[in-house]
Amino acid sequence: ALLDSPADTELLAVLGQYPAAVRTAAEFYEPHRVNRYLENLATAYHRWYGISRVAPKSDEPVTDLHRTRLLLNNAARQVLANGLGLLGVTAPERM
């Protein structure tokens, strides 16, 4: 319920498409579908991260919204890592 901004909703929707993207890629023997999905996820994540505040500003207290967005951030990281792993690409721990 805390993730109610359009960017939050978009990122959640794209994350929800992961199982179908993998299933379709496997069904049709088309690994590029996973690649295209990861590109879409990276785009949605980049847009979300530019708009959404994950960490509090200097003296601002940590709120449930910050915690929830951190969980969403971690979910996106995990899905990206899993998708890259399916393609045989390792995901860096840090950029």
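Remember, predicted model here, so these are calculated numbers, not experimental data. When reading the values below, keep in mind they use all heavy atoms of this one structure, side chains included, and skip hydrogens, waters and symmetry mates.
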Quiz prompt | Nearest-0.5 Å distance that lies between atom CG in Leu72 and atom CG in Leu2 | solution = 11.5 Å
Practice problem: Might you work through the side-chain contact (heavy atoms from CB on, under 4.5 Å) test for Leu80 and Leu38, ending with a clear yes or no? | Solution: CA-CA 6 Å; Leu80 281 167; Leu38 294 175; 4.0 Å; yes
Exercise. State, to 0.1 Å, how close Val34 and Ala25 come at their nearest heavy-atom pair, and which atoms those are.
Key: CG2-CB, 3.7 Å
Quiz item: Under 4.5 Å between side-chain heavy atoms, hopping through other hydrophobics if needed: is there a path connecting Tyr45 to Leu71?
Solution: no
Show the atom names and distances, to 0.1 Å, of all donor-acceptor pairs under 3.5 Å that link a side chain in residues 52-62 to residues at least two apart or in another chain.
| residue | atom | partner | partner atom | Å |
| --- | --- | --- | --- | --- |
| Ser52 | OG | Trp48 | O | 3.2 |
| Ser52 | OG | Trp48 | NE1 | 3.2 |
| Glu60 | OE1 | Lys57 | N | 2.9 |

Quiz item: What residue pairs, at least two apart or across chains, pass salt bridge (charged side-chain N to carboxylate O under 4.0 Å, His left out) with a residue in residues 24-46?
Solution: Glu30-Arg33
Quiz item: Between the side chains of Thr43 and His46, does any donor sit under 3.5 Å from an acceptor?
Solution: no
Quiz item: Taking atom types as modelled and ignoring hydrogens, do the side chains of Gln78 and Asn82 form a donor-acceptor contact shorter than 3.5 angstrom?
Solution: yes
Quiz item: Rounded to the nearest 0.5 Å, what separation is found between the CG atom of Leu70 and the CG atom of Leu65?
Solution: 11.0 Å
Run the side-chain donor-acceptor check on residues 9-20: report pairs under 3.5 Å with partners two or more places apart or on a different chain.
| residue | atom | partner | partner atom | Å |
| --- | --- | --- | --- | --- |
| Thr9 | OG1 | Ser5 | O | 3.0 |
| Glu10 | OE1 | Arg47 | NH1 | 3.0 |
| Glu10 | OE2 | Arg47 | NH1 | 2.3 |

Practice problem: Spell out, yes or no, whether Val89 and Val22 are grouped together once hydrophobic residues are joined by side-chain heavy atoms under 4.5 Å, including indirect joins. | Solution: yes
Self-check item: Worked check of side-chain contact (heavy atoms from CB on, under 4.5 Å) between Asp8 and Thr68
Solution: CA-CA 10 Å; Asp8 294 333; Thr68 305; over 6 Å; no
